[in-house]
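For reference, the structure discussed in these notes is given below.
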Amino acid sequence: MKTFEQAFRSAQEALGLAHYDVRFASEPGAGNYASIEPDPASCTAICRVDLELCEREQQTAQVAVHEVLHLLFAELRHAASISDDTADWVEEQTVRKIEAVVFKGMFTVA
């Protein structure tokens with residue numbers, strides 16, 4: 001789980017989501033690499049990971065980034081429900097974060 005958590009935490013930090021308390025567990029559901037259950041109101045989430053499947057398919061880092069992106073969109077949906085001004089600000093900050101990550105090539109997907 002350590003490799004997955006490290007990749008997840010790196011993506012979480014890069015996308016400005018370090019304020020989320022994320023717990024990790026196994027058993028995401030049959031045939032799934034991973035799943036995440038975010039609670040943006042409390043800034044918590046549970047990420048369930050099938051490490052054997054991720055490692056066998058050499059998808060650990062990519063799956064971690066995928067789940068962090070789900071967390072990001074949960075944050076955006078939550079912000080949009082609060083107010084338009086907040087949603088606009090969160091959207092702009094998110095675009096800037098994704099832009100920086102993509103432009104600088106921060107992630108190398110295996």
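What's counted below: heavy atoms across the whole structure, side chains too, no hydrogens, waters or symmetry copies.
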Working for side-chain hydrogen bond (donor to acceptor under 3.5 Å, both in side chains), residues His19 and Gln12
CA-CA 9 Å; His19 59 284; Gln12 183 182 5; over 6 Å; no
The test is side-chain contact (heavy atoms from CB on, under 4.5 Å); show your working for Val68 and Phe8 and say whether it passes.
CA-CA 7 Å; Val68 171; Phe8 187 98; 3.5 Å; yes
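A donor-acceptor pair shorter than 3.5 Å cannot be found between the side chains of Arg9 and Gln6. A donor atom on one side chain and an acceptor atom on the other are not found under 3.5 Å apart for Asn32 and Ser35.
Residue Glu92 places its CD atom among more than 12 non-hydrogen atoms of other residues, nucleotides or ligands, all under 6.0 Å distant. Around atom CD of Glu13, no more than 12 heavy atoms belonging to other residues, nucleotides or ligands sit under 6.0 Å away.
Checked options Gln59, Gln62, Glu67; the residue passing with Tyr33 is Gln59 (criterion: side chain to side chain contact (heavy atoms under 4.5 Å, CB included)).
Atom CG of Leu51 and atom CZ of Arg56 lie 11.5 Å apart (nearest 0.5 Å). Between the CG atom of Leu69 and the CG atom of Leu15 there is a distance of 6.0 Å, given to the nearest 0.5 Å. We find the OG1-CG distance between Thr44 and Asp21 to be 7.0 Å, quoted to the nearest 0.5 Å.
Nearest heavy atoms, Ala7 versus Ala64: CB-CB, 3.7 Å.
In this structure, Asp50 contributes its side chain and Glu52 its backbone to a donor-acceptor pair below 3.5 Å.
You'll find the side chain of Phe24 stays beyond 4.5 Å of the side chain of Arg48, heavy atoms only.
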